[in-house]
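Just below is one structure, and these are the notes that go with it.
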Amino acid sequence: MAEALADKSWFQEAHYGMFVHWGPYAVAGRGEWVMNRERIPAAEYREKYVQNFRAENYDPAAWVRLAVEAGMKYVVLTTRHHDGFCLWDTKTSENNAMNFGPRRDLLRPFADAVRAAGLKLGFYYSGADWTHPDYPDAFARDWAKGWQSPEHRARFIAYYKAQLRELMTQYGKVDLLWYDGCSPADMREPAANLMVRELQPHIMINNRNGEPCDFQCSEQTIKPAAEGTPWEACMTLNDNWGYHASDRNWKRAGDVLGMLLETRKSGGNLLLNVGPKADGTIPAETVAILREAGAWIRRHEEIFPGVDRSPFTWNNSSKLTVRGNTIYVNFEKVGPREMCVADIRNRVLSARHVGSGRAIPFEQRMNEGRLFLRELPGREEEPLVATIALAVEGKPQSIATQENFWIPT
Ligand code: GLC
């Protein structure tokens with residue numbers, strides 16, 4: 001038991017992971033909900049998209065190299081999304097990558113590549129299956145719709161448990177199980193998670209299939225869990241999870257760092273999504289953004305270890321993260337070379353620009369509660385985010401905490 005628990009500590013230390021949404025919907029290039037949103041009958045979906053999903057340039061080692069370059073520590077792949085198509089060799093359904101499209105098991109080389117690089121392996125699994133005969137309604141626009149009969153429900157639950165059993169027994173050690181929702185609430189079965197736990201005792205399970213689970217997740221928003229609870233925010237890099245050919249709304253590398261620092265600030269993880277094309281290659285824009293942010297992360301590795309929560313709320317110019325007796329002032333809006341931070345109660349002993357190691361002149365007016373940082377790096381020295389490490393006396397403390405913000409709704 002002690003060993004199993006120790007095995008889970010990687011999660012909170014990881015801070016950054018890659019989410020991969022990949023399946024036949026990439027052929028359509030209109031996001032992973034295309035079947036439901038366009039009311040595409042299963043037969044048509046199979047003919048147009050599943051059959052043309054060839055994965056001809058699929059190289060999971062290349063995905064993993066990108067994750068490493070990006071500074072990520074774990075990778076989570078959609079083993080089966082809501083369209084029911086299984087990327088693995090399953091005996092539970094004919095709707096899989098062995099029978100159609102690629103005609104091979106796509107999951108095994110992925111699992112091998114992730115492990116070979118020393119990263120943690122995560123499987124996403126959707127509780128919905130729009131192609132299963134017992135599933136309530138493929139084209140539902142909400143998931144409250146009930147089962148046709150208790151037998152339909154029981155059969156479906158037996159089916160998804162059989163799938164989970166395969167995933168948990170055929171691919172060696174799995175570090176994380178990422179359940180999705182968008183399925184009727186009464187599917188949540190403690191028995192499923194208990195079975196998963198029995199098969200993979202160290203596994204981290206998210207909170208979308210009821211109890212027992214190990215971490216909380218928020219989607220497209222960064223919402224810290226209560227202190228002591230491991231948590232993760234999953235976010236897209238444009239506005240879609242699955243590949244969308246006309247979605248050009250890419251976040252910048254600076255935005256990625258902003259999200260990463262925001263999660264780090266409250267001791268959480270960022271699970272950032274990539275949506276490979278149908279051939280298995282990751283869009284060039286995605287690669288460039290992740291690499292640019294990754295180069296920064298590698299130069300700032302000292303700010304990541306640990307799970308310390310920052311006592312500082314917000315100010316207009318910087319995000320304050322903490323680690324032990326160090327406060328990191330992270331800011332993107334460089335503008336003038338001087339800034340004032342008015343949140344810190346502790347005496348500041350030294351200030352250093354992490355990117356270059358250069359000492360930063362500072363003046364602290366303890367009676368005013370203001371810290372002036374001078375000769376800050378400009379854009380030419382630090383194009384993305386500048387980080388100033390402040391060594392302080394004692395545990396970092398804020399002058400005033402803010403619990404809420406009054407906004408009429
Ligand atoms: C939503 C969507 C799904 C996506 C998931 C990721 O639940 O249904 O397409 O996989 O979010 O968090």
Side-chain angles (χ1 to χ4, degrees), residues 11 16-40 45 49 53 72 74-87 106-107 110 122-132 135-145 160 163-164 167 176-185 187-188 204-210 213-225 230-245 247 249 251 256 259 263 268-278 282 286:
F11 180 78
Y16 194 24
M18 178 185 271
F19 211 174
V20 187
H21 274 71
W22 192 47
Y25 41 80
V27 177
R30 298 191 294 280
E32 77 289 357
W33 273 78
V34 66
M35 181 179 190
N36 172 289
R37 294 294 112 166
E38 299 183 13
R39 299 186 194 279
I40 304 173
Y45 189 82
Y49 306 124
F53 178 48
M72 293 159 161
Y74 61 113
V75 190
V76 181
L77 171 65
T78 48
T79 60
R80 172 168 85 54
H81 206 267
H82 313 335
D83 65 359
F85 184 80
C86 303
L87 299 191
L106 299 173
L107 194 54
F110 168 79
F123 289 170
Y124 161 109
Y125 180 80
S126 164
D129 186 336
W130 297 327
T131 55
H132 193 280
Y135 195 73
D137 181 359
F139 303 141
R141 300 263 153 158
D142 66 48
W143 5 106
K145 191 162 177 195
Y160 96 71
Q163 295 208 322
L164 287 171
L167 290 171
L176 186 147
L177 174 59
W178 209 103
Y179 282 117
D180 204 353
C182 302
S183 48
M187 269 182 55
R188 316 232 152 97
M204 291 295 290
I205 305 179
N206 76 343
N207 63 337
R208 290 195 174 178
N209 197 34
C213 61
D214 303 287
F215 69 98
Q216 272 186 32
C217 55
S218 63
E219 179 174 326
Q220 297 291 45
T221 175
I222 295 175
K223 191 165 166 248
W231 67 277
E232 176 197 72
C234 61
M235 308 288 286
T236 49
L237 204 51
N238 52 6
D239 293 332
N240 281 273
W241 299 95
Y243 175 65
H244 197 300
D247 182 351
N249 199 18
K251 298 183 174 71
V256 169
M259 296 188 294
T263 48
N269 292 1
L270 173 68
L271 184 65
L272 187 61
N273 184 70
V274 308
K277 297 182 186 174
I282 296 179
T286 303

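Everything numeric here is computed off the predicted structure, so don't read it as measured data. In listed order, ligands and their atoms are each counted from 1.
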Review point. Given the side-chain rings of F19 and W178, with only the six-membered ring counted for Trp, is the space between their centroids under 6.0 Å?
Key: yes
Practice item. Run the contact test for Q220 against ligand 1 with a 4.0 Å cut-off on heavy atoms, strictly below, and give the result. Key: no
Practice item. Working to the nearest 0.5 Å, report the span between SG of C234 and CD of Q220. Key: 6.5 Å
Exercise for review: Supply the atom-to-atom distance T286 OG1 to L237 CG, rounded to the nearest 0.5 angstrom.
Suggested key: 5.5 Å
Review point. Atom CG in D239, atom NE2 in H244: separation rounded to 0.5 Å?
Key: 9.5 Å
Review point. If you count the atoms of ligand 1 from 1 in the order shown, which ones are under 4.0 Å from a heavy atom of H81?
Key: 3 (C), 4 (C), 9 (O), 10 (O)
Revision key, fill the gap. Ranked by distance from atom 1 (C) of ligand 1, the top protein heavy atom is E219 OE2, 3.1 Å
Review point. If we ignore angles and hydrogens, is there a donor and acceptor under 3.5 Å between the side chains of D129 and T131?
Key: yes
**Study point:** atom 10 (O) of ligand 1 - nearest protein heavy atom and its distance
**Key:** H21 NE2, 2.5 Å
**Study point:** Element-labelled atoms of ligand 1 that are located less than 4.0 Å from some non-hydrogen atom of C234
**Key:** 12 (O)
Exercise for review: Enumerate the atoms of ligand 1 whose separation from the nearest heavy atom of W33 is less than 4.0 angstrom.
Suggested key: 2 (C), 3 (C), 8 (O), 9 (O)
Check your understanding: What are the atoms of ligand 1, with element, lying closer than 4.0 Å to any heavy atom of C182?
Key -> 7 (O), 8 (O)
**Study point:** Identified side chain to side chain donor-acceptor pair (under 3.5 Å) partner of H81 from the options Y25, W130, Y124
**Key:** Y124
Point to revise | Nearest non-hydrogen protein atom, atom 5 (C) of ligand 1 | key: D180 OD2, 3.3 Å
Revision key, fill the gap. Taking only non-hydrogen atoms of R208 and a 4.0 Å limit, the atoms of ligand 1 in range are 7 (O), 12 (O)
Point to revise | Nearest-0.5 Å distance that lies between atom CE in M259 and atom CE in M235 | key: 5.0 Å
Practice item. Fit a plane to each ring of F85 and F53, take the angle between them on a 0 to 90° scale, and name the class: parallel (under 30°), tilted (30 to 60°) or perpendicular (over 60°). Key: perpendicular
Practice item. Write out the residue and atom name of the closest protein heavy atom to atom 9 (O) of ligand 1, then the distance separating them to 0.1 Å. Key: E32 OE2, 2.5 Å
Exercise for review: Just jot down the ligand 1 atoms closer than 4.0 angstrom to any heavy atom of Y124, in number order.
Suggested key: 10 (O)
Review point. Quick one: does W178 get an N or O within less than 3.5 Å of an N or O on ligand 1?
Key: no
